[in-house]
Amino acid sequence: MASIFTKIIKGEIPSYKIAEDEKHFAFLDINPNAKGHTLVVPKKEVNKIFDLDQQDYIELMNFSYRIAKAIEKTIPCKRVGMSVVGLEVPHVHVHLVPLNSMEDIQFIKKESITKDEFVVVAEKIASNFK
Ligand code: 5GP
């Protein structure tokens, strides 16, 4: 069965999209640690990050780098943190999280964001994506 992220990539489930290329898709996490929390997903459905072949891994990191730069330009924060977990959704994804404190990368405290804010944040990050 297709993962929830494959359904998002195919447009079968809506998302606040930021950017995509031939092999990757980036969108806002629906239950964010902080405003601007973004997921970067390879379109190829693989469960665990270190099961990616090395070339796909490098390309995922390169795409994530470009998304992180766009987040940095958009969201005031001390830095953008990166984490890979995958315990909830078994389809590789990189979490990119604007950080102001250690709590922001602990996946415990969640930020409440309205639909309108999601739309605005996604558009702003997308406009800074190069
Ligand atoms: P992990 O698998 O790394 O533990 O966490 C999965 C992440 O995906 C969580 O942060 C969760 O909020 C996010 N997530 C789960 N389902 C959806 C969804 O349908 N849409 C979006 N945008 N994010 C999701």
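The chain is numbered in sequence order, starting from 1. As the structure lists them, so they are numbered: ligands from 1, and atoms in each ligand from 1.
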Does K110 form a side-chain hydrogen bond (donor to acceptor under 3.5 Å, both in side chains) with N33? I'd like the steps, not just the answer. CA-CA 5 Å; K110 295 292 180 172; N33 293 8; 2.7 Å; yes
Should [X] be counted as touching ligand 1, given the test is an N or O pair under 3.5 Å?
| X | answer |
| --- | --- |
| V89 | yes |
| K110 | no |
| F107 | no |
| H37 | no |
| G86 | yes |

State, yes or no, whether a side-chain contact exists between I13 and I4 at a heavy-atom distance under 4.5 Å. yes
Which residue and atom name correspond to the protein heavy atom nearest [atom], and how close is it?
| atom | answer |
| --- | --- |
| atom 15 (C) of ligand 1 | E88 OE2, 3.4 Å |
| atom 6 (C) of ligand 1 | H93 NE2, 3.5 Å |
| atom 22 (N) of ligand 1 | L28 O, 2.9 Å |
| atom 19 (O) of ligand 1 | I4 CD1, 3.6 Å |

Can K43 and E20 be counted as an ion pair, charged N to O under 4.0 angstrom? yes
The reported gap from NE2 in H91 to CD1 in I8 (rounded to nearest 0.5 angstrom) is 10.0 Å
Would you say that more than 12 heavy atoms from the other residues, nucleotides or ligands in this model lie under 6.0 Å from the CD of Q54, or not? no
Under 6.0 Å from the NZ atom of K10, do we count more than 12 heavy atoms belonging to anything else shown? no
Could you see which bit of F118 sits under 4.0 Å from ligand 1, with heavy atoms only: side chain, backbone, both or neither? neither
Within the 4.0 Å heavy-atom cut-off, what Y16 brings close to ligand 1 is neither
Can you get from V119 to F129 by hopping between Ile, Leu, Val, Met, Phe, Trp and Tyr side chains that sit under 4.5 Å apart? yes
Among V97, L96, V40, side chain to side chain contact (heavy atoms under 4.5 Å, CB included) partner for M82: L96
Does N128 offer a backbone N or O that forms a donor-acceptor pair with the side chain of K73 under 3.5 Å? no
Check whether D56 reaches the backbone of L52 with its side chain - one donor and one acceptor, N or O, closer than 3.5 Å. no
Heavy-atom proximity to atom 11 (C) of ligand 1 ranks first, among D29, I30, V41, N31, for D29
Need the ligand 1 atom indices (1-based, order shown) with element for anything under 4.0 Å from a heavy-atom of F27. 21 (C), 22 (N)
Considering the heavy atoms of H95, write down every atom of ligand 1 situated less than 4.0 Å from one of them. 1 (P), 3 (O), 5 (O), 7 (C), 10 (O)
Taking the non-hydrogen atoms of I8, is any one of them nearer than 4.0 angstrom to ligand 1? yes
